[in-house]
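Input: a single structure, listed below in structure tokens.
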Amino acid sequence: MNRRNAVLVLIALGAAPLAAFAQQQGKVWRIGFISSLRASGPNEAVFRVGLRELGYVEGQNVTIEWRFGKGETERYREIAAELVRLEVDCIVAVGMGATLQAKLTTNSIPVVMVSANDDPVRLGLVASLAQPGGNVTGFTVMGADLAGKRLGLLKEILPKATRMAVLWDPDSLSATSHVVASEAAARALGVRVQALDVGNADALESAIQSASKGGAQALLVVGTGLMISHQARIANLAAKARLPAIYTTSQFVDAGGLMSYAADGIEQYQGAATYVARVLKGEKPANLPVQQLTKFELVINLKTAKALGITIPQSLLLRADRVIE
């Protein structure tokens, strides 16, 4: 049984350790949760189970205010302000966009970031990774640094490819760094890159069509808030344009995309639950080191590969952490 299935089994059984019952009669904690899209695979389930195992049970001694911003900066700003008015005890912010707005809105409520794929020191969120020094801590992932790896995986599938496109949101700071890194990695691979900046959902179809018309043979999608909010649509548009695509989060592959190379989501959300529990018990985010995740998963959708007429090399399949058939 893999970890994802184990998580779902735990929820189905309503598993809760004895530690949970010891806290049920005390304070009911309130956690704010800001993400782009609710349908995020097992991640929210992992977070719930992680809290439960540490004695914090939703509906008993914890209330979670789930809020979803669809990748829109203004919406994140409104959500953060709402959570401050609700006087939540802690905010979980998924992605750099949500984290930045949470930090801009409050300097006192602890913020635990998850899937933050940019440098929090460079952006001024923390003083250092070892000693954050403020109200923000959590988990970052290597985002732009993996651009070369992702383009290299596309080259393994399409060794003759000379042109690729990068789909990104220009309003996202972390997406900007992805594009810069992708262009540098492409030069090393002898590949030309076409950057497709998409600032709103209405521009998705025309952007992907322009990639196909421009001769792109493959696509890299930078999965920040806007893109994640339209993951199924993007996967469908890429398939319609006959463009093999690699994504920076596995959610796209579950939605029909070809493949992804990304940080382990389960590890991140289990870690977030641990940090939230430590904050609720009185520890300060200023003293909780920001952790950079180093475990990554290659996920491949064979059904999509077949629809595109692509044969995935056996050597690549053997390296995959998960294969969807």
Side-chain angles (χ1 to χ4, degrees), residues 1-8 35-47 49-50 68 71 94-96 98 113-117 139-147 149-154 156-157 166-169 172 174-175 178 182 218-239 243-272 292-305 307-308 310 312 316-325:
M1 178 183 293
N2 63 37
R3 287 186 299 165
R4 288 175 174 78
N5 290 337
V7 165
L8 298 179
S35 184
S36 177
L37 185 68
R38 187 172 192 106
S40 55
N43 293 340
E44 291 162 31
V46 170
F47 180 67
V49 170
F68 305 94
V94 181
M96 193 56 78
M113 59 184 168
V114 188
S115 295
N117 56 355
F139 300 81
T140 66
V141 299
M142 293 173 61
D145 294 339
L146 297 176
K149 176 69 174 182
R150 294 185 178 112
L151 293 180
L153 289 168
L154 285 174
E156 285 191 56
I157 294 174
V166 178
L167 188 70
W168 67 295
D169 176 5
S172 167
S174 56
H178 272 79
S182 296
L219 179 67
L220 187 158
V221 178
V222 182
T224 52
L226 174 66
M227 302 303 171
I228 291 174
S229 298
H230 298 278
Q231 58 192 243
R233 186 180 174 208
I234 290 171
N236 289 333
L237 288 171
L243 278 174
I246 189 166
Y247 303 88
T248 60
T249 75
S250 61
Q251 300 171 45
F252 288 87
V253 186
D254 292 318
L258 178 62
M259 65 178 177
S260 64
Y261 187 72
D264 183 350
I266 286 179
E267 182 183 3
Q268 295 180 67
Y269 284 82
Q270 285 176 334
Q292 291 181 301
L293 300 180
T294 57
K295 181 179 179 181
F296 305 97
E297 291 185 323
L298 172 62
V299 181
I300 299 173
N301 191 321
L302 280 183
K303 182 178 179 181
T304 300
L308 291 170
I310 293 173
I312 304 295
L316 195 57
L317 288 174
L318 291 173
R319 282 149 45 202
D321 299 277
R322 184 160 60 100
V323 176
I324 299 173
E325 301 188 58

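Side chains included, hydrogens not; waters and symmetry mates left out as well; all remaining heavy atoms used. Just so it is clear, the structure is predicted and the values come from calculations on it, not from any experiment.
- The shortest distance between side-chain heavy atoms of E156 and L153 falls below 4.5 Å.
- Counting heavy atoms from C-beta outward, M227 and D169 have side chains that approach closer than 4.5 Å.
- For the atom pair CD1 (I312) and CD1 (I300), the distance works out to 5.5 Å, reported to the nearest 0.5 Å.
- Distance CD/Q251 to CG/D254: 8.0 Å, rounded to 0.5 Å.
- P244 and I310 get closest at one heavy-atom pair: CG-CD1, 3.2 Å.
- Separating the CD1 atom in I246 from the CG atom in L151 is a distance of 8.0 Å, to the nearest 0.5 Å.
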If you apply the rule side-chain contact (heavy atoms from CB on, under 4.5 Å), what do you find for V94 with Y269, and how did you get there? CA-CA 10 Å; V94 181; Y269 284 82; 3.2 Å; yes

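- Looking only at side-chain heavy atoms (C-beta outward), I157 and L316 come within less than 4.5 Å of each other.
- In this structure, A239 has no side chain to side chain contact (heavy atoms under 4.5 Å, CB included) partners at least two apart in sequence or on a different chain.
- Under the rule for a side chain to side chain contact (heavy atoms under 4.5 Å, CB included), the partners of D321 that lie at least two apart in sequence or sit in another chain are E297, L298.
- With a 4.5 Å cut-off on side-chain heavy atoms, L154 and M259 count as touching.
- Between the T248 side chain and the G223 main chain, a donor and an acceptor come within less than 3.5 Å of each other.
- In this structure, the side chain of Q268 engages the main chain of S115 through a donor-acceptor pair within 3.5 Å.
- In this structure, S182 contributes its side chain and A147 its backbone to no donor-acceptor pair below 3.5 Å.
- Counting only heavy atoms from C-beta outward, the side chains of L219 and L258 never approach each other to under 4.5 Å.
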When you look at V141 and L146, which way does the side-chain contact (heavy atoms from CB on, under 4.5 Å) test go after all the steps? CA-CA 10 Å; V141 299; L146 297 176; over 6 Å; no

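- Side-chain contact between R322 and V253 is absent, with no heavy-atom pair separated by less than 4.5 Å.
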Could you walk me through whether V46 and E267 pass side-chain contact (heavy atoms from CB on, under 4.5 Å), step by step? CA-CA 9 Å; V46 170; E267 182 183 3; over 6 Å; no

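- Once rounded to the nearest 0.5 Å, the distance linking OH of Y247 with CD1 of I228 reads 12.5 Å.
- In this structure, the separation between CG on N43 and CD on Q270 is 10.5 Å, given to the nearest 0.5 Å.
- Across all their heavy atoms, T304 and G256 have their closest contact at OG1-O, 2.8 Å.
- No side-chain heavy atom of V114 sits under 4.5 Å from any side-chain heavy atom of F47.
- Residues K303 and I324 fail the side-chain proximity criterion, which asks for heavy atoms closer than 4.5 Å.
- The minimum heavy-atom distance between A235 and A255, with the atom names listed, is CB-O, 4.0 Å.
- Between the side chains of S36 and S229, at least one donor N or O lies within less than 3.5 Å of an accepting N or O.
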